[in-house]
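So that the names make sense, note that chain A is the first sequence line, chain B the second, and so on, each numbered from 1.
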Protein chains: 2
Amino acid sequence: MASEQAAGTSGRRGYHHGDLRNALTEAAVERARAGGPQAIVLRETARASGVSSTAAYRHFANHHELVVAVKDRGLAMLAATMRAELAAGEPCPDPGDEALRRLRAAGLGYVRFAFAEPGLFRTIFHGVTEGDPMIGRRQAAAAAGDGEGHLPGTPDESEESYTLMSQALDELVVLGRLPAERRKYSDVVMWSAVHGLSVLLLDTELAHLPDEIKADIVRRGIDVALNGL
Amino acid sequence: MASEQAAGTSGRRGYHHGDLRNALTEAAVERARAGGPQAIVLRETARASGVSSTAAYRHFANHHELVVAVKDRGLAMLAATMRAELAAGEPCPDPGDEALRRLRAAGLGYVRFAFAEPGLFRTIFHGVTEGDPMIGRRQAAAAAGDGEGHLPGTPDESEESYTLMSQALDELVVLGRLPAERRKYSDVVMWSAVHGLSVLLLDTELAHLPDEIKADIVRRGIDVALNGL
DNA sequence: ATCGAATGTGCGCAGTGTCAACATGGGGTT
DNA sequence: AACCCCATGTTGACACTGCGCACATTCGAT
């Protein structure tokens, strides 16, 4: 049969695609962006890549792994958005102010991403019920308190979005803007604050509020968290 | 045919069930408790109620409405848990302290419910993409600022869990423990704080942390929010 | 007693995730 | 350069889902 498939992103020259795993992931990401995690359907993703449904099983053990691949991309984009937000504002002269600015910017970037890519954001935090979103790599060898700031069982490496906020907090401690005793769970609390804001303003009655008000709420929420710390 | 179905919860005497809507909802709630929103599958729910799949469509327009019914039950249970938490601690003599205690208890109850019923909690906040969790009743007739505390587009009536926190905040203002200017988005911020904590400690690497540490984090998170307000 | 509206049943359709058996051809070995 | 292996794709099928349609049963007003 000579049916040249309309090769979407990366062409397929012959029987073998050459880069199917990527093509599938990208197609899945596109679906997730448009319709959230539920929109990631393996068969259609394969179809969109001009390939048979079962071909996907050569690159993903099952549907869930496809979703995980999308999550990873989403996480990367989240981190990118946060980094962009960091780079956007101009640095403050005082190192303490600068660290605080970075922390605030990181949080703002987090929420901004959620608003800009709700489908991906929802996909990142979805379908747990047995180990998922940032869960997975490395068992929680959790024996409490390693004395330092980081608590065990935390998504350190490989979770840039988390790291960005955590580092800013470390700086604040070094610069004396945050008492060391209060450092302990600050990263999680900060993360939880911006995450809560994102989810509520996205998946709740509050989603109907006009954008300006949402922005006010986000500002207020972040300020409250920073003050409280 | 004389096949007496093993009528699960509420018996079915004959051809007509008598209370199918409730039976279906309860069965669905049970599935959701065990497996989250994804576990709510219409056909099986009908099967569990000893009834044909399509019978469900006499009581729910579609699968989504079944899920909504479960959400409503979940919301009610959430409120109940929060109320229980309020009643648990003994009231403080000073009215200001008491209001603060209530606010903290409400937040704690929220998180406690999330931990106690993760399946229901996840179901409550799930599958949006077009109007859902507390969204739905009444369009956001949102014209900003009615001057008073409540902002338009907020789940006031019918959302007891929200009301509990909101009322405590109102009391704090009346008792002079919270400046009126800062009242404005405090309810949303408080809600978002406890929601963020719940989600992260439930659906994230952090879920692997030992319970005591989670409890510490929750305490810290709530304290930060209260301080920040 | 009768008849219409609720309510429940069976069957079928489209679509999904997944498996097993088979086809293809690119790359390393000779 | 010829050869064969095995990673990669393909077809077909199974079990399951949500949902619509036509039909059966029964409850409650008349």
Side-chain angles (χ1 to χ4, degrees), chain A residues 1-25 27-28 31-32 35-70 123 126-127 129-130, chain B residues 1-25 27-28 31-32 35-70 123 126-127 129-130:
Chain A
M1 299 296 175
S3 67
E4 284 303 312
Q5 296 285 10
T9 304
S10 52
R12 91 180 271 195
R13 274 189 284 281
Y15 191 87
H16 290 305
H17 181 119
D19 194 24
L20 224 205
R21 164 135 196 156
N22 261 333
L24 287 171
T25 305
R31 300 305 181 284
Q38 315 285 4
I40 303 179
V41 37
L42 192 146
R43 284 174 101 116
E44 188 188 291
T45 301
R47 215 175 294 140
S49 303
V51 99
S52 204
S53 330
T54 47
Y57 286 88
R58 299 295 169 196
H59 303 271
F60 303 96
N62 48 39
H63 173 76
H64 183 248
E65 281 205 1
L66 213 206
V67 177
V68 169
V70 175
T123 303
H126 178 256
T129 313
E130 199 55 13
Chain B
M1 304 287 176
S3 68
E4 284 302 311
Q5 295 285 9
T9 304
S10 52
R12 94 181 269 198
R13 273 188 286 279
Y15 191 89
H16 288 308
H17 179 119
D19 194 25
L20 225 203
R21 163 134 196 157
N22 261 333
L24 288 171
T25 306
R31 302 304 181 282
Q38 315 284 3
I40 303 179
V41 36
L42 193 144
R43 284 173 102 116
E44 189 188 289
T45 301
R47 216 174 293 140
S49 302
V51 100
S52 203
S53 329
T54 47
Y57 286 89
R58 298 295 170 194
H59 303 271
F60 303 96
N62 48 41
H63 173 78
H64 183 247
E65 280 204 1
L66 213 205
V67 176
V68 169
V70 175
T123 303
H126 178 253
T129 313
E130 200 55 14

Candidate nucleotides [options], ranked by approach to the side chain of [X] - the nearest:
X	options	result
A:Arg43	D:dT17, C:dT16, D:dG9	C:dT16
B:Ala55	C:dT9, D:dG18, D:dT17	C:dT9
B:His59	C:dG8, D:dT10, C:dG17	C:dG8
A:Thr54	C:dT9, C:dG8, D:dG12	D:dG12
A:Asn62	D:dT17, C:dT18, D:dG9	C:dT18

Just the rounded figure in Å: distance from [atom2] of [N] to [atom1] of [X].
X	N	atom1	atom2	result
B:Gln38	C:dG17	CD	P	12 Å
A:Leu66	C:dT18	CG	C1'	14 Å
B:His17	D:dC27	NE2	P	14 Å
A:Tyr57	D:dT10	OH	P	15 Å
B:His63	C:dG15	NE2	C1'	15 Å
B:Arg58	C:dA5	CZ	P	14 Å
B:Arg21	C:dG8	CZ	P	12 Å
A:Arg31	C:dG15	CZ	P	15 Å

- Is there a side-chain contact between B:Glu65 and B:His59 (heavy atoms, below 4.5 Å)? no
- Query: Taking all non-hydrogen atoms of both residues, which atom of A:Thr123 and which atom of A:Gly36 are closest, and how far apart?
  - Reply: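 Smallest interatomic distance, heavy atoms only, reads OG1-C, 3.7 Å.
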- Note on the structure: B:Asn62 and B:Tyr57 have their tightest heavy-atom pair at CA-CE2, 4.0 Å
- Message: Quick check on D:dT17: is either OP1 or OP2 less than 4.0 Å from any side-chain nitrogen or oxygen of B:Arg47?
- Response: yes
- Query: Any donor-acceptor pair under 3.5 Å linking the side chain of B:Asn22 with the backbone of B:Thr25?
  - Reply: no
- Query: Could you state the interatomic distance from NE2 (A:His63) to CZ (A:Arg43), rounded to the nearest 0.5 Å?
  - Reply: 13.0 Å
